[in-house]
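Working notes, beginning with the structure itself.
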Amino acid sequence: ARELVLSAITEAALALVRSSVKHRAGFDIFDVAPINHIANMRHSATPVLFLHGSKDDFVAPSHSKDLNDAHGGDATLLLVPCDHQAQRPASAIVDALLFVYDRLAPQSNDRAKYATLLAALADDGYLGTRDRRQVHHHRTVDFSHHRDPEDHASGLDRVRQRRVETDLSANLRTTLTLAKPASAAR
């Protein structure tokens with residue numbers, strides 16, 4: 001029943017966003033298909049990093065895989081163990097920063113120093129959430145006892161996640177009620 005309610009809320013929110021974009025920007029979001037344009041980038045010198053949550057149930061990870069495969073140029077796919085809304089793990093932030101570093105300073109001999117600095121920042125909690133297993137000053141530390149990834153996939157504990165969903169549902173109902181024309185409300 002919970003999934004049905006969440007599905008209905010998601011559909012209603014998407015319809016509202018779609019309508020708003022059509023009205024304000026003059027195009028239908030359902031007509032936007034990056035896969036139809038990504039192949040044009042294969043001759044571009046612009047590198048692309050596709051970063052996607054492997055547990056994302058809103059935008060399937062296969063979308064990023066398809067885009068990466070269709071790109072044909074300097075493209076990298078990084079799947080991280082989180083969902084659509086979760087804060088990215090520190091390792092993903094480090095990998096993304098190293099991706100940019102490698103493209104901006106490919107001849108630099110300072111990559112190892114930069115990677116060590118990023119690892120220290122990640123260890124100290126400055127870059128994303130700690131991974132379940134994260135390298136910590138050249139040793140592996142298991143963080144699995146700190147949090148259950150299924151309970152905290154979105155970065156919220158279950159109680160707070162349900163409270164956010166309830167508030168979102170109430171706000172959406174209010175918005176939809178206010179959006180009805182006066183004749184429909186009778």
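This chain uses plain numbering: 1 for the first residue, then up along the sequence.
Considering every non-hydrogen atom in both F50 and I38, the closest pair reads CZ-CD1, 4.0 Å. Across every non-hydrogen atom of P89 and C82, the tightest pair is CD-SG, 4.1 Å. Taking every heavy atom of both residues into account, L127 and A122 meet most closely at CD1-N, 4.0 Å. The shortest non-hydrogen separation linking A86 to R88 is O-NH1, 2.7 Å.
Legend: residues meeting side-chain contact (heavy atoms from CB on, under 4.5 Å) with N109, ordered by chain and number and at least two apart, are absent. Under the salt bridge (Lys or Arg N to Asp or Glu O under 4.0 Å) criterion, D74 pairs with R103, sequence neighbours left out.
Residues V94 and L117 fall within the same hydrophobic cluster, defined by Ile, Leu, Val, Met, Phe, Trp and Tyr side chains chained together at heavy-atom separations under 4.5 Å. With hydrophobic clusters built from ILVMFWY side chains whose heavy atoms lie under 4.5 angstrom apart, Y126 shares a cluster with Y114. L67 and L51 are not part of a single hydrophobic cluster, where members link through side-chain heavy atoms under 4.5 Å apart.
Although no hydrogens or angles enter the test, the distance criterion places a donor-acceptor pair under 3.5 Å between the side chain of H52 and the main chain of V59. Remark: the backbone N or O of K22 is not paired with any side-chain donor or acceptor of R24 at under 3.5 angstrom. Between the side chain of T10 and the main chain of L6, a donor-acceptor pair closer than 3.5 Å is present. The backbone N or O of V80 sits less than 3.5 Å from a side-chain atom of S54, completing a donor-acceptor pair. Using modelled atom types, one side-chain atom of T116 and one backbone atom of A112 make a donor-acceptor pair closer than 3.5 Å. In this structure, the side chain of D110 does not engage the main chain of K113 through any donor-acceptor pair within 3.5 Å.
Side-chain contacts under 4.5 Å among hydrophobic residues (ILVMFWY), followed directly or transitively, place V21 together with L14, V17, F27, I29, F30, V32.
Using modelled atom types, one finds a donor on one side chain and an acceptor on the other under 3.5 Å when comparing S108 with Y101.
Looking only at side-chain heavy atoms (C-beta outward), F99 and L78 stay at 4.5 Å or farther from each other.
Going from atom CG of L16 over to atom CD of E11 covers 12.5 Å, rounded to the nearest 0.5 Å. Taking CG of L77 as the reference point, atom CG of D69 lies at 8.0 Å (rounded to 0.5 Å).
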